Amino acid sequence: MKKPILIALTLVASLLAAPAAAQAELPFRDPSLPVEQRVADLLGRLTLQEKLGLLHQSQEAIPRLGIPYHKNGTEALHGVAWSNALDDNWNQKLAKGTVFPQAVGLASTWDPELIKRVGSAVGDEARGYNATDPTLWGLQVWAPVVDPLRDPRAGRNEEGYSEDPLLTGAIATAYGKGLQGDDPFYLKTAPVLKHYLAYNNEVNRSLTSSNLTPRLKHEYYEQAFRSAISADAATGVMASYNLVNGRPNHVNSDLEEVVRSWTDKTLYNVSDAWGPHALTDLERYYDDKAEAFAAVLKSGQDSFTIDGSDKGPMVQHLTTALERGLITEADVDRSVSRALTIRFRLGHFDPDGGPYKGIGAGVIDSPAHRALNRETAAKAAVLLKNSGTLPLRSPKSAAVVGPLADELYSDWYAGTMPYEVTPLDGIKERVADVSTGAGLERVALKHVESGKYVTATGTGPDDNAALVDTAPTPASQWDVTDWVSDISTLRNAGNGKLLGGDWRSLDTDDDDPNGWYVSQQFSLEKQGDGTFLIRYAGFEAVEGWYALPDPYVTVTADGALALAPKAEAARFAKEVVSDGIAAAAEQARKAEVAVVVVGSHPWVHGREFHDRDDLRLGDGQKRLIEAVRKANPRTVVVLETSYPVIVDAPALLWTTHAGAETGHAVADVLFGEVNPAGRLTQTWYAGGELPSILDYDLAKTGMTYLYHEGRPQFAFGHGLSYTTFGYQGLKAQGEQVSVKVTNTGRVAGEEVVQLYTHQRQSRFDQPVKRLRGFQRIALAPGESKTVTFPLKKSDLAVWDHTRDTWVVEDAAHDVLVGSASDKIRQRTTLKVSGEKVPPRDLTKPTRAMNFDDYAGVTFADENKVRGDVVAGSDGGWISFTDAVYGAELSAGVASVAGGSIELRRGSPKGALLASVQVPATGGVYEYATVTARLKPGKGDLYVLFKGGIRLRDLTLAR
């Protein structure tokens, strides 16, 4: 009876095997053929509908060709973080592998070789996850983030590397190379750089435009992207949500025309999530989806990250675009070829899956990766200040206190830690007698009008907090953590849950701040009479649909807590039930040493979609530091944040949220087992008013070490050691700079030797100094090493906006070497022979954007494809210095309502040379030419605007 069944099964197996064998013989399956030939062969076998489907992030399998399903976009910023399932697009599926230090911490190692090892480990784990579930865990990874961190208040500060483009580029290149692997053709993973371009604010991120002068665009904002792409350390870039000079980056032609010029490798560019939809639904840049999606494709993006796993809407919109002639099938083929090229390099169509196919789940959270994580976290730590307390010398007792003493937190772009070693854990391994406490005040909030207390009524979503208790009980007591600025979380002493805003009501059903809309954030605002208003600071409160600006806690008729406008806010008395700050100080008084662990929560007051207001540490944490320091002079403050904050302490160690090994790494540094050599990758400003976060002109705002002339709290590149280093014999000869560095202390240590230059003479305003190279070196006591940096003449080129080209000027350069941007230890002068930039010749056609200075204007899109123009209104002006100009003005202008432009000599109030009426041209993209006569001359020429006018170009012919 079994024999017929066996025959039938054999027949079925042979029938199934036949197509597979036939597929194996197809040219695109042959690894010996050039990839271009394989791509062309496969492309020719696809139907138009199949090709359109491959333009989506979720690419369906094509069984007839044996093509497997593929999903773009596994998040891998500092470890494999998360992805979305094919059948569940709304909930993150978190990885549970190695969580390395946050990206800004990785960069603070200033150690590209180490970061390449980290990238390789993350790439291995991505392969391990892919081996377990290839549908969920795709191999195109969205990392690293190379947006320069030009403002520390930006919500995504933790995702980037540095305010300096050279350092950012070097770390991004190292991480990307590690993610990709070392095979000359095959990719371990396919890294994508985020986010192109000039994206460093979260407030209204899809509506705000970053005004970029040509010089800053070329010299600053593009550079890190260019470094990584030209080094073949990434396989594409992701467009950013913002606009640049009035044009959404999701249709920025640079993606096709500029980014691809940096390499001869095929790039596969992608949209950010929902970005193509924003072009019509939010930005209103196009009238319909077909037009918008066609523009996305033609701008140089090859993958649409929209609608979860549903390719249907995208296919329909692109089909309509084809029917209307907005795109051609050749446009589709171009982008699909790019997608297929990267998939070929990932081994998707090789019979054996390529050289990385054998990496399995065993690499995830491996002992080797744990050791690498500990090493990296320790090397990333920055010793900001040291009064001599550190390193700790075998203390017999320690008080380890603070809200982060026994807690570790992951961020939005991190996975779940498989284990946790907190600072308390790390210190307990070295000290026998350890006391601890969170150092928080426990308070009761008494409603002034009724005399009742804010009380938790349960842990379910319908258990609204209400005015219940008439005397404080555990249910009406709250542990307050003041994180940063004035934003706090309140944890109920009775049930251990956080108070949160549940869409206008308030409840206690959350263990931690979480979700896209973090609703567990409040600000206790003290009033003149000593009472408090409680402002709700949940992230959803900024959404237009929330329709309750500036919400505050109020009380309904039945005593429940709710949210309402400030005018209806309830008043509360804050009663301190138990003083955790005083308790921590008492513990510190009794201990030989005290360690206060304070900082930020990665989900609170600043994250993707939300910027910070300022750089202050929360009031409660500041008071904790002060109380413990007063109780015990041998106090060390460990600051664990995702960004700079203002903190004062004689012994101060900074770390990012550094993953599962944070506690080991912190203890390794505190006790001297690791001599700290991390260095800051950002300027830590000393406080005071910072410029608008929306102003991207560093040269005008004085932001970053490049242009900041004030005295910061801690400078770019700052970091201390337990030993000392001497610098001798700086030489700048030929195309290299060398300096001898000696460990002049008593213990082995590592120094980050930093090379800067400053150009003394220039046609253009120059930065205070600019990083040109760095090396992290290890030296034994008394050991010396000569550190050599390449410094080519071409490295000193600047962008000449007067001629749209890079130029090396004839100038003397200060060559500066030291341990930080403000700690220059040796200097010399390098004379460089180059060009003298000639006077501006305005008798030739000149783009308005190539001005020398400006005020009161914005920059806008010339049209919806390419080109930038100056958009001026009443009082705005641009200037052209050291210019030669003739008597015949012609200018390309566009205006909705008309206006005028004036030409003045020497200053905005100088002698009037000409006044030109500008007619209404029919729209901002409809240009006309206006003319005028004036007296020719030379010198500084100012163009003033009246009315709303876009100026494209001008010529002042002889």
Side-chain angles (χ1 to χ4, degrees), residues 212-219 245 761-765 797-811 834-857 859-863 866-872 876-895 898-919 921 926-947 949-958:
L212 302 189
T213 64
R215 281 198 63 216
L216 282 172
K217 178 185 177 184
H218 291 294
E219 292 185 7
N245 294 353
Q761 305 90 24
S762 177
R763 164 65 174 77
F764 316 103
D765 291 337
V798 297
W799 183 255
D800 177 3
H801 60 265
T802 72
R803 295 178 293 171
D804 282 325
T805 188
W806 290 98
V807 60
V808 176
E809 294 182 279
D810 194 68
E835 293 185 58
K836 178 177 174 58
V837 177
R840 298 199 72 139
D841 186 359
L842 297 183
T843 67
K844 298 177 180 179
T846 301
R847 297 289 300 188
M849 280 296 296
N850 286 335
F851 53 74
D852 286 297
D853 198 4
Y854 69 97
V857 301
F859 312 143
D861 48 339
E862 179 180 351
N863 54 56
R866 65 179 59 82
D868 299 336
V869 299
V870 175
W877 56 262
I878 58 174
S879 69
F880 301 89
T881 61
D882 189 25
V884 175
Y885 50 90
E888 300 285 343
L889 167 69
S890 63
V893 294
S895 180
S900 66
I901 56 175
E902 293 180 350
L903 273 63
R904 292 183 178 270
R905 185 178 61 213
S907 77
K909 296 182 179 180
L912 179 66
L913 299 177
S915 180
V916 188
Q917 291 300 307
V918 175
T921 62
E926 301 294 328
Y927 287 86
T929 300
V930 295
T931 62
R933 290 188 59 83
L934 66 154
K935 184 178 180 180
K938 61 181 180 179
D940 298 347
L941 185 70
Y942 285 74
V943 180
L944 281 70
F945 298 87
K946 292 186 178 180
I949 297 169
R950 290 189 175 192
L951 178 61
R952 181 185 61 198
D953 50 35
L954 72 164
T955 306
L956 290 111
R958 296 184 187 278

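Each residue takes its place number in the sequence, starting with 1. Not measured: the values here are computed from a predicted model.
Checked by atom type and distance alone, the side chain of S762 never pairs as donor or acceptor with a backbone atom of D765 at under 3.5 Å. With hydrogens and angles ignored, the 3.5 Å screen pairs a side-chain donor or acceptor of D953 with a backbone N or O of G892. Here the side chain of D940 pairs a donor or acceptor atom with the backbone of D882 at under 3.5 angstrom. Looking only at distances, no side-chain donor or acceptor of D841 sits under 3.5 Å from a matching main-chain atom of A883. Proximity of a side-chain donor or acceptor of T921 to a complementary backbone N or O of S895 within less than 3.5 Å is detected. Distance alone, capped at 3.5 Å, is enough to place a donor-acceptor pair between the E219 side chain and the W799 backbone. Within the 3.5 Å criterion, the main-chain N or O of D868 finds a donor-acceptor partner in the side chain of R847. Of the possible donor and acceptor atoms, one in the side chain of R950 sits under 3.5 Å from a partner among the backbone N and O of D861.
A side chain to side chain contact (heavy atoms under 4.5 Å, CB included) with L934 is found for one member of L912, V916, L903 and no other, namely L903.
T955 and K844 get closest at one heavy-atom pair: CG2-C, 4.0 Å. Shortest non-hydrogen contact noted between F880 and L954 is CZ-CD2, 3.9 Å.
Classification of E835 and R803 as a salt-bridged pair holds, one side-chain N sitting under 4.0 Å from a carboxylate O. The residues R840 and D852 are annotated as salt-bridged, a charged nitrogen and a carboxylate oxygen being separated by less than 4.0 angstrom. Taking the charged nitrogens against the carboxylate oxygens, K836 and E809 have no contact shorter than 4.0 Å, which rules out a salt bridge.
Annotation for R905: atom CZ does not count as buried by contact number, only 12 or fewer foreign heavy atoms lying within 6.0 Å.
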